[in-house]
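Computed from a predicted structure; not experimentally measured. Below, chains carry the letters A, B, ... as their sequence lines are ordered, and counting in each starts from 1.
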Protein chains: 4
Amino acid sequence: MPRRGPNNGADKRNRILRAAIRIFSQKGFFNSKVSEIARASGVADGTIYLYFKNKDDLLISLFEEKMGDVVAGVRQRISAGGDALAKLRIFIDNHMELLEREAGLIEVLQVELRQSKKFLKDYTPVKFFEYLEVISDILEEGKREGLFRPDLNVSVARRAIFGALDELCLTYVLSHNPKYHPSVSSAEIYRILAGGLCAAKPSAQAG
Amino acid sequence: MPRRGPNNGADKRNRILRAAIRIFSQKGFFNSKVSEIARASGVADGTIYLYFKNKDDLLISLFEEKMGDVVAGVRQRISAGGDALAKLRIFIDNHMELLEREAGLIEVLQVELRQSKKFLKDYTPVKFFEYLEVISDILEEGKREGLFRPDLNVSVARRAIFGALDELCLTYVLSHNPKYHPSVSSAEIYRILAGGLCAAKPSAQAG
Amino acid sequence: MPRRGPNNGADKRNRILRAAIRIFSQKGFFNSKVSEIARASGVADGTIYLYFKNKDDLLISLFEEKMGDVVAGVRQRISAGGDALAKLRIFIDNHMELLEREAGLIEVLQVELRQSKKFLKDYTPVKFFEYLEVISDILEEGKREGLFRPDLNVSVARRAIFGALDELCLTYVLSHNPKYHPSVSSAEIYRILAGGLCAAKPSAQAG
Amino acid sequence: MPRRGPNNGADKRNRILRAAIRIFSQKGFFNSKVSEIARASGVADGTIYLYFKNKDDLLISLFEEKMGDVVAGVRQRISAGGDALAKLRIFIDNHMELLEREAGLIEVLQVELRQSKKFLKDYTPVKFFEYLEVISDILEEGKREGLFRPDLNVSVARRAIFGALDELCLTYVLSHNPKYHPSVSSAEIYRILAGGLCAAKPSAQAG
DNA sequence: TATGAATGAGACTTCATTCAT
DNA sequence: GATGAATGAAGTCTCATTCAT
């Protein structure tokens, strides 16, 4: 790992990662060329290999490091929240807002994470699992609080929640149709989930 | 269109499509070689180009034709259903069951459809939209029947539903962990959605 | 060689040759596809191989047979001519007029004959040599008549004459600029050659 | 443009061009393989694409750059000449001598320039036109000097001259028959042209 | 004789990666 | 550390030719 001044190795490494996000999000991993990322980062082709093992490693590093930031960010916002429903709302809003704060990153995650999960040899998306863990935590808390159904299958539910949010993001990314605007999607998906996860009389609470 | 005996063009074309599903689902579109698909189909490399314009066209044809079958299949099963909730259950079950009936196809759709939507020039996934349409129809009917919330945002909801199902499929495909078995996932996702989509007293109906 | 009725094999063979001229002249030998010629002839791809050994043979046959017609034609016209100068004029006019009567053929000869002379294995352009022979004959006759210089190097001169005519044809074919119209070129090239080939006072005769 | 030391980019580019001339002249453009040229240049296949856009570009660059040298060379030699006839002689001799100084180049020009003029999309053989321009200049000067016929059609004549020279070159290239030796051809073609271009009594001057 | 689907060798070109400077 | 020219393996696709019908 090349690091010297705070302004040197780490900086260059970051420029490369940011450029990679931009390029990957525009053209997809397989259609992006290492030399393109180099040019966009303002470094030489070879320099990329000083910071990353290879093109795959660039994608994986990007996932782990940027997802790490996302996980840390959402955890912090949630810690300020109230009950599980409130936290769920925060999680949803946070996810959808990423679309605007970190558009490129989200696009890469959406499209390439799937590929990687299947096709990159020996890659476990650690940070992605942590992100799912954040959802689990909320769901478990909701069950403990008696807010969510006691029979709620947390493993399945967290995937469903992630899947729904992810597809809504993709839809907006592809169409930029205002009817899928993050704020609109957030509200509706919250309503569905609040209704579907809650125990007894969710309608009273959701309303 | 090369076709002669009943045993000729259409058959060969189908063998190629089936092989493509197998290979694409195993290694992903970009990691699959045309010559591999040829070998798996028992035809020469060049033969593939008699039936498909190029590698992209092979993927697109696969999407459209196989998704066409899926859409037709689910429409038929739904037409036999009762109210919107019953139809939703049928839709969910049907989707998750595809994982076993058409594992390869589903895997390709999940991973590659995203790529394609973004990166294949000039490709509109017609049949995929029809599939979403099937969900819309159910949701609209549910609203008319007074079963679903009148304020339900159908556009958003159908995407959320598809996303949830899709992610659950992917999870099972990747892990084959029984805790995500189609039957388990189906039941839970139905419970969530039934709760979240319904008007007034969903708990009574879902229970 | 397949022949049956006058309307059968020979006819089909001719259709293929005519189509080949058209296609070769439009796109060049290497850029033309056998299947294209088949389509243009209204026969199946395989049929071409009943009449010609291969693609090269198609080009060579075309040269020999069509050049044969050209040679026969110009010989006949010349036999009606007067002295060597008159015959030269006929030859020149005839050559340039071919541009309009047999445009495609001339274009193929111009562009492809060169290739063939160099690169087709074991090909001697017999009919092309006969065409040159026609020029030699005129030049020799002119020398015998005392009309042309006695020191005229016939071998070189006939090539120079052919080269000049050929380039003028190519120029017109490529530009269709009226300043290179066959009639204009004919007149000028005749004036040059008449002046340059003749003995003593060519200007008197050429005027 | 890859260039560093004096021993680097430009040198490698030139080695490739020289190899291309050799290979193209031996086998023709279409029968030459890029990998063959790479081997003959002592570089890797991919290296060719660092210096040339593609195979077509290699041919075109070769034309333009080498013809540029030829044009510059002949212009310089001519500038030392006397009247138009003397210059014409220089031009002719120079052209025929290229056969020995630059055999490969001339062969490529002869055979492939024609193809290219017709079939390479969007290619204007700029340097070839300049070469023709050199002839025009001589002819115009001859007319001004009263040496050449005032009614001489310069456009046609320059093409005829080029065509005659070109065909004589090709003949020698193909046969290496001493009766077409450059020195022999030069003398004869000069005699023909001197006779044919001149005004009034060319025989007096040519004699 | 005629067909045209099938073949498969091989061409061009790309691009991740290396390494001498 | 940084560079970027060079590499060369490998992929997509074409097309002349064949042969079962």
Whole angstrom is fine here: how far is it from [atom1] in [X] over to [atom2] in [N]?
| X | N | atom1 | atom2 | value |
| --- | --- | --- | --- | --- |
| D/Ile37 | E/dA11 | CD1 | P | 12 Å |
| D/Phe30 | F/dT14 | CZ | P | 16 Å |
| B/Glu36 | F/dG11 | CD | P | 8 Å |
| D/Phe29 | E/dA11 | CZ | C1' | 12 Å |
| B/Leu58 | F/dT12 | CG | C1' | 13 Å |
| B/Arg39 | E/dA6 | CZ | P | 20 Å |
| D/Leu50 | F/dA5 | CG | P | 8 Å |
| B/Asp56 | F/dC13 | CG | C1' | 13 Å |

#### Entry: Earlier contact from the 5' end, DNA chain F, for B/Asp45 and C/Asp45
B/Asp45
Please state whether the phosphate of [N], meaning OP1 or OP2, lies under 4.0 angstrom from any side-chain nitrogen or oxygen of [X].
| X | N | value |
| --- | --- | --- |
| D/Lys55 | E/dT13 | no |
| C/Lys12 | E/dT1 | no |
| B/Lys33 | F/dT12 | no |
| C/Thr47 | E/dT3 | yes |
| D/Tyr51 | F/dA6 | yes |

Side-chain donor/acceptor of [X] to backbone N/O of [Y], under 3.5 Å:
| X | Y | answer |
| --- | --- | --- |
| C/Glu64 | C/Lys127 | yes |
| D/Thr47 | D/Val43 | no |
| B/Gln115 | B/Glu112 | no |

### Task
Please work out the stems of DNA chain F from pairs that are Watson-Crick or G-U wobble with both distances under 3.5 Å, keeping only runs of three or more consecutive pairs.
E:2-21 with F:2-21
### Task
Between C/Ala44 and B/Val43, just flag the one whose closest nucleotide in DNA chain E comes earlier from the 5' side.
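It is C/Ala44 whose nearest nucleotide is closer to the 5' end.
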### Task
Find which nucleotide of DNA chain E each of D/Ser32 and B/Gly42 is nearest to by heavy atoms, and output the residue with the more 5' nucleotide.
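Taking each residue's closest nucleotide, the earlier one in sequence belongs to B/Gly42.
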### Task
Quick one: closest heavy-atom pair of D/Gly104 and D/Ile21, and the distance?
C-CG2, 3.5 Å
### Task
Could you tell me which non-hydrogen atom of A/Ser41 sits nearest to which non-hydrogen atom of A/Ile16, and how far apart they are?
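Residues A/Ser41 and A/Ile16, closest heavy atoms: OG-CA, 3.6 Å.
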### Lys/Arg cation over aromatic C/Phe29: C/Lys55, 6.0 Å, 45° cone
yes
### SB check B/Lys27 B/Glu36 (cutoff 4.0 Å)
yes
